[in-house]
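Please read the structure below before turning to the comments.
Everything quoted here is computed from the prediction, not taken from an experiment.
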Amino acid sequence: MNVLEGLNPDQRKAVETVEGPLLILAGPGSGKTMVITHRIAYLIKVCGASPHSILAVTFTNKAAREMKERLYHLLGSTVEQLSLGTFHAVCAAVLRREGRAIGVNPSYVIYDDGDQLNLIKRSLQELGIDPKTYSPRILQTAISAAKVQLLTPEDYGQRTRSYFDEVVRRVYQQYQMLLVQSQALDFDDLLMRTYQLFQGHPKVLTRYQSRYAHVLIDEFQDTNLTQYALARQLAGKYRNICVVGDPDQSIYSWRQADIRNILNFEKDYPEAQTVCLEQSYRSTQTILEAAHDVVSVNRERKESKLWTDNEAGPPVMVVEVYSEFEEAQFVVREIGDLVDRGDVRPIDCAVMYRTNAQSRVLEEIFIRYGIPYQVVGAVRFYERREIKDLIAYLRLIYNHHDDISLMRIINLPPRGIGQRTLTEFLQWTKTLGIPLYTGLERMTEDRSLCPLNDRAVQMLSNFFNLIRDLIERSEELDVRDLLDSVIKLSRYREYTMEFADGEERWGNILELRGIAQDHQNLKPRESLASFLEGVSLFSETDELDEKKDLVTLITLHQAKGLEFPAVFMVGMEEGILPHFKCFDDPAQMEEERRLCYVGMTRAKKRLYLVRTLRRSLMGGTSANPPSRFLRDIPRHLVKHVDVFEGVEVAPPVDARSLMIEVGDRVQHPKFGKGVVVSCNSIRDDCQVEVSFQDVGMKRLLLSLAPLERVEE
DNA sequence: GCCTCTGGATTTTTT
DNA sequence: ATCCAGAGGC
């Protein structure tokens, strides 16, 4: 198959220009992904490049996986040799292999956001700084910003200007010391340490430079300074570096992404060629036009405009309702109508919002109306307590220097190690400057070494023996069997079941066990390592289910790169989109605008912009004016809808949820007639199972489902 | 040491 | 509205 087939002239140029630096500016729907995959295929098939010599970096693991699949289809063979992944994943792999050179233990663990925060809190404690005066969150951002600029604590000290800077420096230093002691790397370290490795060890760098004859970076507008520095290092020998991006879709500056990278690219590679992909194959003319009119208000922007051969399509629907409940109801009904008319299937629809908190009401209403949906990343699987606990066990087993994990589980399930014991134990290890696990080991060997009372020492030793036992077992068991041992020996299952939602938690644990199962058939140690790495670098968009016929509920940020025939953007209000935290900063406001642009351009055919007059936020209610972005869409592209004028809304919950019993005959607006077969009280609500005449068994929450009892 | 209660913060987005 | 940390009682 010809890899140039079906490409327009610009796309073709983007694929064929394989020598020298290349900047591809690719608007939404311009076939960017196709260009990237075809380019790689072209390199391999036409130019004879070895897959081994190609490095392709994507924004998410999911994008990497999809690219692999597409390549497989294009090339008809696997591309095992190809380096393809996120910057973080690529760096993680490099550091496992080469980290020793800069003192990184190959068995390092990766600390996520929450671990980081814990470590910062501990740093504050050790430094005697009040976390109320200096919020750990803000310090975390400051430290991350420093790392992305490749500043060590010492470097940072050179440029402190204010007392706050000085605090940051001290916390950064302490935090970094603790990280090193825990043999842990945070997300920023993965990048920064790899950079340092290359910088300090030219031989290693040369090896990688010689390997990677072709470097390709996707979503370049959302890379940070370190990532670009790494890309430059790696492409240093051949200078065949191709970056693909769209400045209008830059929405991650808060995560230190730096749009200057695009400008610097042209400075750093003056010989660079540029290709603009301006034909959109995704959206209708109407949607494209409306989106352009929103984003082109930005001042810090290079003008570029997409065009399309697609039809004009229906107008953009701007919908006004009175509350967030009606907002959700509108979405649900409209999707229902579209589906009934045969226009779309649920899987073709997405509801997009600015903040995760907005998904709650939507979910409620989706459940009530029985519309199948999936929420991307709201309650993150790996953020769940029971999952984090068990992963902490595994991490500690993998690397017993990992103090954060140890602290997390030292008394989980409760084993008689209280605050007092802990404080004294921490104090003791700190004076000796040893990791906690080593402290436990020493105290178990010789009780007289430490100043704690007998009972405390006994409890701590019990914990030590448990972990030591598990470490021993880990030498022979793969990760799933190891996980089983952890659960068994720590009595975690019994502990879990004590909770009201124990069953659900246990279900999550079984799911984790299933994931562990995917890392079998490796040597025990590798099995554990591969599992932990997967878990650390996992992102929620990765698990978006594309097979089941479900409506997608998703944040605007996560929606980047996706497309849907019908898109509902909800919360189009001042304070939500744009978010009020951005009001006083023009640069952030421009980013909000781009975020709006990203959302709008996800739509292929139908776009709904919904706003509500009143919205409850953190307890109180507020009335927000319509989003300024709505004003920027010309009227001839829009149709206004005032949906709930005179339309009945669902009756208040308590009026109808009274007294439903097993055997009652009920009526549901969507499902029709049915019989209640079971009633289970959940907290102050009641979950009922109803056998419907037409659609079979459904499980519903009484407070949410518009069920009515009918007499027979 | 462990459980429960209260007050305060907290929600922008995530590799 | 919900989650968390710290205080106080058992």
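A/Asn411 comes within contact range of the sugar-phosphate backbone alone, with a heavy-atom separation under 4.0 Å but no base atom that close. Among the heavy atoms of the strands lying under 4.0 Å from A/His88 is at least one base atom, whether or not backbone atoms are also near. Within the nucleic acid shown, A/Arg594 has no heavy atom closer than 4.0 Å to any nucleic acid atom. As judged by a 4.0 angstrom heavy-atom cut-off over every strand, A/Leu595 is placed among residues making no nucleic acid contact.
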N/O-N/O pairs, protein side and nucleotides 5-10 of chain B side, under 3.5 Å:
none

Under 3.5 Å, which protein N or O atoms sit close to an N or O of nucleotides 5-8 of chain C? Give each pair with its distance.
none

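Looking only at atom types and distance, the side chain of A/Glu573 has no donor-acceptor partner in the side chain of A/Thr612 under 3.5 Å away. The closest side-chain donor-acceptor pair between A/Tyr373 and A/Glu363 falls under 3.5 angstrom. Residues A/Gln458 and A/Arg455 bring no donor and acceptor atom of their side chains to less than 3.5 Å of each other.
Separating the CD atom of A/Gln358 from the P atom of B/dT13 is a distance of 9 Å, rounded to the nearest angstrom. When the P atom of B/dT11 is taken as reference, atom CD1 of A/Ile138 falls 11 Å away, rounded to whole Å. Spacing between atom CD of A/Glu363 and atom C1' of C/dT2 amounts to 15 Å, rounded to whole angstrom units. Whole-Å rounding puts the A/Met589 CE to B/dT13 P distance at 17 Å. For the pair A/Leu577 CG and B/dT11 C1', the computed distance is 15 Å after rounding to whole Å. A/Asn462 places its CG atom 14 Å from the P atom of B/dG1, with the value rounded to the nearest Å. Rounded to whole Å, atom C1' of C/dC4 lies 12 Å from atom CG of A/Leu117. Rounded to whole angstrom, the span from the CZ atom of A/Arg360 across to the C1' atom of C/dT2 amounts to 7 Å.
Here A/Phe59 does not pack flat against the base of B/dT15, since the 5.5 angstrom centre distance and 30 degree tilt limits are not both met.
Listed nucleotides B/dT13, B/dG1, B/dT15 differ in distance to A/Arg455; the shortest reach to its side chain belongs to B/dG1. For A/Thr86, the side-chain atoms get nearest to B/dT15 when compared with the rest of B/dT15, B/dT14, B/dT11.
Applying the 4.0 Å criterion to OP1 and OP2 of B/dT14, one finds that A/Asn356 has a side-chain N or O inside that range. Remark: A/Arg385 is in phosphate contact with C/dC4, judged by side-chain N or O atoms under 4.0 Å from OP1 or OP2. Not one side-chain nitrogen or oxygen of A/Thr60 sits closer than 4.0 Å to the OP1 or OP2 atom of B/dT15. At B/dT13, none of the side-chain N or O atoms of A/Gln558 fall inside 4.0 Å of OP1 or OP2 (strictly under the cut-off).
Residues passing the salt bridge (Lys or Arg N to Asp or Glu O under 4.0 Å) test with A/Arg614: none are found, sequence neighbours excluded.
A side-chain donor-acceptor contact under 3.5 Å links A/Asn261 to the backbone of A/Asn224.
Relative ring orientation between A/Phe583 and A/Phe580 is described as perpendicular, the plane-to-plane angle rising above 60° on a 0-90° scale split at 30° and 60°. Ring geometry, A/Tyr208 versus A/Tyr212: the interplanar angle falls from 30° to 60°, so the pair is classed tilted.
Nearest-nucleotide assignment on DNA chain B puts the 5′-proximal partner with A/Pro414, out of A/His579 and A/Pro414. Between A/Lys581 and A/Thr421, it is A/Thr421 whose nearest contact on DNA chain B lies nearer the 5' terminus.
Contact annotation: the side chain of A/Tyr175 approaches that of A/Leu179 to within less than 4.5 Å [non-hydrogen atoms, C-beta and beyond]. Under the 4.5 Å side-chain criterion, counting only non-hydrogen atoms from C-beta, A/Asn411 is not in contact with A/Met459.
Under the 6.0 Å distance and 45° angle rule, A/Arg232 counts as a cation-pi partner of A/Tyr228.
The distance between the ring centers of A/Phe629 and A/Tyr597 does not fall below 6.0 angstrom.
Atom P of C/dC4 sits at a distance of 15 Å from the matching atom of B/dT13, rounded to the whole Å.
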